[in-house]
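We name chains A, B, ... by the order of the sequence lines, and we start the count at 1 in each one.
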Amino acid sequence: MISKFTSNQKVSLLAIALLVASSQSLWAAEMPIAFKHTANKAAQNQVTGKVTAEDGPLASATVSVKGTSVSTSTDAKGTFAIRAKAGDILLVSSVGYKTKEVTVTGTTLSIQLESNNEALEEVVVVGFAKQKKVNLTGAVQAITSKDLQDRPVTNVSSAIQGKFSGVTITQNSGQPGKDNGTIRIRGLGTINNANPLVIVDGIESSMNNINPNDIESVSVLKDGPSAAIYGSKAANGVILITTKKGGSGKPQLNYTGYAGIQDPTRLPEYMNSYDHAVILNEALKNEGKTQRFSQQDLELFKNGSDPDGHPNTDWLGLLYKGSGFQQSHNLQVTGGTEDVQYMASGGYLGQKGVIKVASSDRYNLRTNVGAKVSSRLRFDLGLAYNYQRITEPVNPYTGDMAQIFRQVNRIPSFIPYKYSNGVYGRGSDGNPIAWMDLEAKDNMTYKHTQVNFSGEFQIMDGLKIKQVVGFQPIDNMSSKFVKDIQYYAPNGDLGPKQGVNNLTVYNFQSERLTFQTLMTYDKKIGNHQINVLGGFMDETFRADYSSAYAQGFLNNDFSELNLGSKDGMKVDGGAKKLILRSFFGRINYAFADKYLLEANVRRDGTSRFLGSNRWSTFPSFSAGWRISQEDFFKESSLSDVISELKLRGGWGKLGNQQLAATSDNSYPSSDAYYPGLFTISPGYNYSFGGEISSGGAIVESANPILKWESTTSTNIGLDLNFKNNLGFVFEYFDRKTDGVLLKLPVSNLYGLPAPYQNAGKVQNNGVELQVNYQNSIGDFKYSIAANGSYINNQIKKWASDEPQVNGTFYIYEQGRPIRSFYGYETAGIYRSDEEYKNSGIQGVNGTVGAGDIIYKDQNGDKKIDGNDRVYLGSPDPKFIFGLTSNMSYKNFDLSLFFQGAAKVQGYLWGEAIGGISGSDKPTTIFADRFNAETNPNGSMPRALTSWSQNSPSGTPSDFWIQNASYVRLKNITFGYTLPKTFTDRIGIKGAKVYYSGQNLLTFTGFAKGFDPEAPADSRGNYYPQVKTNVFGLNVNF
Amino acid sequence: MKLRNITIALSVATLLFSCQKLDQEPLDAYNADNFWKTEAETDFAVTGLYSGTRGSDGKLAEGSAWEDGTQIFYMDCTSDNSNSDFPWEGFQALGNGTATPTNAGNAEARYTYEHIRRANYILENIEKSPVNAEKKKRLTAEVRVLRAYKYFDMATLFGGVPIITKTLTTENSFVPANTQKEVLEFVEKELKEAAADLSFAKGGGRMSKGAALGLLARCYAFEKKYQDVINTTQEIISSANYKLFDDYATLFEEANENNSEVMMNIEYLVNIQGYTSLGVMLPNSMGGWGSIVPTQSLVDAYETADGQTIGESKSYDPASPYEKRDPRLGATIVYPGALYNGKYFDPLNPKSEDYPSGPDNASSTAYNYKKYIQNPSSYANIWNVGTNIIVMRYAEMLLLNAEAKIELGIIDNTVYDNIDLVRQRAKMPKVDKAVYSGQSKLRELVRRELRVEFAGEGRRRFDIIRWGIAKDVMNGPVNGALSKGTVDPKTGKVTYTSLTDRFFSENRSFKAGKNELWPIPQAVIDNSKGTLKQNVGY
């Protein structure tokens, strides 16, 4: 361990040295300010002029001479006269317009004021550039740091959840350090990697690497044309994150921090031991088996007088004993001169889990330095270092964390946690709280560095060349020590033992080296504005891992590899390398800020494919028409209420060459890097006569003609802003993914798993709407931003016309969403044995009778089998929406953020529903089970132990489909800004205190105890979603 | 401009510097195009054939090999010897007759050309290899035996399957099935030719001449070619390369692996490439899963110690059903009151962790298997053991030889001698020639002998199908031990309060003309684009 840290210290020292060296040299290069206002010597006394706005003369505008008290205002025709001389500066202002400074140069002036409607001036980060929002032709949506502040979010994905139309973010877990959401932009286009490309300060990166507090802005490029410039990885959309840069002026120090508590949002409710004993006896009776509990047993469960023999153990209560304490502290310094700007920040996020052992500590350091060496040459350096330690408990049965949740949701309440003599109780699979008591851990350390160095040189007016080097080394290590446990019988006799204790040490490294050369040319001639971009990009990614395993440690106290038994030691490792290369270009043309055109083309090559299939070209076009700039519009009465009306449209093609979604933090083993080549995989060994021989076999098939998967998207958008600060953005999109890289089923005679092929076509289309409104009533200011999207996901073509069953719960079927639940359609419950017999339909097995679910015989062959299964819904929502409302009154502010999804299904099975058998436990929904005598109208099927006709996993059916629509108060923040008089007195510039709550309220019809954002088909063996209550403080020094 | 030049120079330099070739060789696997150049590479590929199946992560599936111990053990659940208590393990539906093409369970694992393709790949390339002719001949023969094993397995389970002897491409892998007869003839031919190129030498888990001939004998037995069975088994017997191991109970234990009786086995190496599923047979109270449980029908098949059936013997007491029985019963099955792992097994007490209506992992019949696990605490970790699992042993050859002679009516002393060898090794008396004299009585005897000798070794299904008795033994309820009584924890003495109430597992049904074969998994049919046809009745 020690040597590990030293090598890292070396890296950090080196980084700091580099930083210091570079910034010193940059300061040394500081140059005198080149331009100063030169005053016109000619003097006049009277100046007249006319003030106009976009829609004509502006009355009642204030005109004053800067630095004096001389002031006047315009008349109804917008004209004014003021005493001033050449060289004076006039300040012209009016409510709703931006104040303008005009230097007096003659005797008559014509001054046009621009509306201060922020939307019109807003600049948005787009691919390799910034663009005025009004000039956008594609579907780009952006938010700024303001939208992210004062919330106890632990990662970027949850920070942006619900903020963007058309962007579905699902957070499945609240586990410290592993609570990142899944992001889908405009639906699911492929079964391969459907994750959007994340670009941080111009370089591909990961959301995991960013402290949400360092973010200046987030742009989402949703359609083909806007994402096209990132062609080779942009088919699922692009998320552009820009981190905060330095400003000019004295150093500004800012602290933000909070502390609070997390709790599970919803936990399942299981039957108590008495109810369980009753239903178990009933189930055994239903199957003609011997009952397990006597009347006396039931009585003892009921009265609780025998906690050893007849306990009622609250297993969930025993598990959720973590403090849930969460804290975050961030310090940030910004400052600079006109030539050098810097930003440096440090952040800490500490989370203790809602269960013991689970925790995360994350440290983020970031610095951005920019320097203008000369008027033509500029350098920027960004360095970010993230260090995170995540710890999670593991168990001696399966060696992971999930099984702990599973067993807690499984082990019956009639098994004691501990007998009074201290011996652990035990279910068939062990005792999950005894496992927790072992405190066996998987310790994971993630070290991510991002280096981003660029130089920009202005060759001539309007022509610039920029060279960017991005380097991202990732260095992870995990050390998982599984402890063994010896059980005893209640009388103290030796019982079974779980697990041989063992240690797995896993080292993973990756390096991503990116070179970009960008050439830009910007020129305005009269009404013609032209921007040209040409570029080259090269990316080399290499991943390496090694793992070592040892078992049979003398005891559970020592856990380093060298202490393991020599017998059973295993090592493994591997390396992969991928190279991507691209040439790209873009032309933007605008005529009179009215007609906007953009064209992109990109040519991409990848080392993944072979020969001529390696390269592919991806073009795109888009255009915009600012109708509100047209004279006819300005002259019409519409212009009195509408400030901006723009129609946009575009078409573009993007590629994908990645075969599986991978995580930053582990070896990309599921992503085939050489899918065109047959290879002999090692590790297929065999022991001949007690000695291991190394062997290998071809176990993957290859397809040499594999090529890029392409996504074609069409987007039509309408921007509409009213003068009363009401704004709408409407988008229609249609995205088709073609040649989806699929493993089509092959004949079993082939003898290998199916190779990847370019087959399949998936369509996503839909509409998006954003509405913004802001207003104030006296000191009360408020704003509302809402967005909603409808996404229709559909398979247009798959392997063949025949549907392809995908695992237990899903199917790929033409005309259905990619993720489609598949199973039996049900029609209630048989209320009598006769009803079943009279139906003449043979059930799924030979034991069907009264109280069992009625499955529909879809093909009319009078028997229920796999051929009667049908489409049952999709876990991907058709509608998603978000609503943010900010209110402030004097020093108080309140922000509410709702987010939700509709027309979405969830499927729960296994422990999420619960079982009766006594190896597992039933949830309380079984209270209303069918029973011919006591509850003939029960809503749930009859109690069974091992017969599987009603099992949600054995016979998946719509009986278990849940409506997973929900609306959630994702966040509420209430803040108070300390009065300036007070902050001045204590010597700080400003301070704010706030309370913030995350995930506090959820409205849903989803199964009791389970979060509607739960994984799509869930047996309930995961770390639950959490709600968070914190108090925070922001201070500017 | 100097700076400008520098910038341009830098840009050009990065362009050049970054231009690695897009042609990249795999770093962590061998490119198949550059293989077969050395002897080591040839050994590597052949070892890969003996190795197991591909797991979902692309690596060797844990605990698997060319044949899987789990397949051997669970196979009895599709016969009247054992019951599978858990539908998701893939054998229950195949046992109780409810398997369908869309719910084919373990049939999906068995209808596979994975190893056949590996074998074909080696046979296509081994000519290129620089190994000497003699070794090449041996390796080729080993590969052919292994491939024949797979074909024989599929032919007995599914009937006719396509005979594929070349590596196929995805496009040309739509081949109609050959008939079962054709596949069996192919197996015969392959094994005969391979046997000629192999020696009896036990190659430490490699396919030997004994393995090839033994498999050939099985194939003939399945085809009822009795004279061929006699000839083939006689060749094995005469070679005197095998002999029965002295002790039946410990024959299967790790300490005695590769003993004189073993003809074909799956080799495991503890912790390095161990067998990881032995624990599924253990009783729940010992941390096992109770996945493969013996039936009452099997228990009843064991004779009493005096060599009579329980129906005939006066020494059999229904109130003490496990006393004075064939020692193989105690060596194979843990029953109520049995001393096992230092304790008297008690599945009768409702509070017991082994009570059938109690925890899920408790056996539904109140019986568990102990073959291979005579002493569970001898394993440091029952979930990773080095015990080799026997696929074929010499006792089968002796009994097949006797059976074939009985079927042909050649009832000579060798028939009795062969059966007696097997019985006496198990400490059972010799066959009572007075009782077992005619063909039908001897047939009954040899079939019972095959059943009890190989109980829990996955052979029973093969036998009841080829004898045509599955419809008689695979219909009706599966029962377990007597259910009402107590076990004295100090003496193991079982006292029953009822001699009729039994534990009940499930009802089975077997349709003659249909259930002799397993359903071909629907996906196999679908993926064949109409070239493969479903078996009759499914």
Side-chain angles (χ1 to χ4, degrees), chain A residues 284 288-290 292 377 428 457 459 465 467 496 500 515 517 536 538 540 567-568 574-577 579 605 607 614 674 677-681 683-690 692-700 745-752 802 845-846 865-867 917-919 948 954, chain B residues 3-4 7 10-11 14 18 20 22 24 26-32 35 44 47-48 50-51 54 58-60 87 98 100 102-103 111 113-114 116-118 162 164 168 170 173-175 204-206 267 269 271-273 284 286-287 350 357-361 381 483 504 507 524 526-528:
Chain A
L284 288 165
K289 289 179 180 162
T290 321
R292 179 165 175 186
L377 185 61
S428 291
F457 181 71
I459 298 167
I465 184 165
Q467 181 64 43
V500 53
F515 294 100
T517 308
F536 165 79
D538 181 276
T540 307
D567 183 19
K576 286 181 172 190
K577 192 161 148 186
I579 297 171
S607 63
R614 195 166 270 161
Y674 318 102
L677 294 172
F678 278 99
T679 57
I680 294 172
S681 300
Y684 285 78
N685 306 331
Y686 193 68
S687 147
F688 291 111
I692 198 80
S693 296
S694 295
I698 296 178
V699 295
E700 313 278 353
V746 289
S747 164
N748 291 58
L749 312 183
Y750 180 58
L752 286 177
E802 289 297 312
N845 58 29
D865 61 16
N867 298 322
S917 76
S919 277
S948 61
Chain B
L3 274 170
R4 174 178 166 183
T7 317
L10 264 174
S11 305
T14 47
S18 65
Q20 294 199 47
L22 286 183
Q24 292 288 316
L27 299 173
D28 55 2
Y30 300 100
N31 188 338
F35 213 71
F44 192 77
T47 302
Y50 277 98
S51 191
R54 176 192 186 277
K59 295 186 174 174
L60 175 67
T98 60
T100 62
T102 50
N103 178 28
Y111 200 106
Y113 280 75
E114 186 174 0
I116 291 172
R117 184 186 176 100
R118 271 184 223 172
I164 307 294
L168 302 177
T170 51
S173 54
F174 303 101
V175 180
R206 291 182 174 274
E267 301 231 338
L269 201 54
N271 290 335
I272 293 167
Q273 201 153 321
N284 179 53
M286 298 171 57
S357 292
D360 223 19
N361 288 351
N381 173 12
S483 61
F504 163 73
N507 279 305
V524 174
D526 291 346
N527 296 344
S528 78

Any idea which of [options] has the most non-hydrogen atom pairs under 4.5 angstrom with chain B?
{"options": "A:Gly866, A:Gly696, A:Ala697, A:Gly568", "result": "A:Gly696"}
{"options": "A:Leu749, A:Val500, A:Ile698, A:Leu677", "result": "A:Leu749"}
{"options": "A:Ser747, A:Ser681, A:Gly918, A:Ser693", "result": "A:Ser747"}
{"options": "A:Gly288, A:Gly683, A:Ser917", "result": "A:Ser917"}
{"options": "A:Gly690, A:Gly605, A:Ser694", "result": "A:Ser694"}

For the residue pair B:Arg118 and A:Val699, establish whether any side-chain heavy-atom pair is separated by less than 4.5 Å. yes
Please tell me if the side chains of A:Ser687 and B:Ile272 come closer than 4.5 Å, counting only heavy atoms from C-beta onward. no
For [X], which atoms come within 4.5 Å of any heavy atom of chain B: side chain, backbone, both, or neither?
{"X": "A:Arg292", "value": "both"}
{"X": "A:Ile692", "value": "both"}
{"X": "A:Tyr674", "value": "side chain"}

Distance (rounded to the nearest 0.5 Å) between [X] [atom1] and [Y] [atom2]:
{"X": "B:Arg54", "Y": "A:Leu752", "atom1": "CZ", "atom2": "CG", "answer": "9.0 Å"}
{"X": "B:Tyr111", "Y": "A:Asn748", "atom1": "OH", "atom2": "CG", "answer": "7.0 Å"}
{"X": "B:Asn271", "Y": "A:Asp567", "atom1": "CG", "atom2": "CG", "answer": "4.5 Å"}
{"X": "B:Thr100", "Y": "A:Asn845", "atom1": "OG1", "atom2": "CG", "answer": "11.0 Å"}
{"X": "A:Phe688", "Y": "B:Leu269", "atom1": "CZ", "atom2": "CG", "answer": "12.5 Å"}

Which portion of [X] sits near chain A, non-hydrogen atoms under 4.5 angstrom:
{"X": "B:Phe35", "value": "side chain"}
{"X": "B:Asn381", "value": "side chain"}
{"X": "B:Pro26", "value": "both"}

Mind running side chain to side chain contact (heavy atoms under 4.5 Å, CB included) on A:Tyr750 and B:Asn527 for me, showing each step along the way? CA-CA 10 Å; A:Tyr750 180 58; B:Asn527 296 344; over 6 Å; no
Search all heavy atoms of [X] against all heavy atoms of [Y] and return the closest pair with its distance.
{"X": "A:Thr290", "Y": "B:Ser357", "value": "O-OG, 2.7 Å"}
{"X": "B:Asn284", "Y": "A:Ser428", "value": "OD1-OG, 3.2 Å"}
{"X": "A:Glu700", "Y": "B:Gly58", "value": "OE2-CA, 3.6 Å"}

Between chain A and each of [options], count heavy-atom pairs under 4.5 Å; write down the option with the most.
{"options": "B:Phe44, B:Tyr113, B:Tyr30", "answer": "B:Phe44"}
{"options": "B:Gly358, B:Pro87, B:Ser528", "answer": "B:Gly358"}
{"options": "B:Ile116, B:Thr102, B:Asn31", "answer": "B:Thr102"}
{"options": "B:Asp526, B:Thr98, B:Val524", "answer": "B:Val524"}

Kindly determine whether B:Leu60 and A:Asn685 satisfy side chain to side chain contact (heavy atoms under 4.5 Å, CB included), including the steps that lead there. CA-CA 8 Å; B:Leu60 175 67; A:Asn685 306 331; 5.6 Å; no
Would you confirm whether B:Glu267, through its side chain, and A:Gly689, through its main-chain N or O, come within 3.5 Å as a donor-acceptor pair? yes
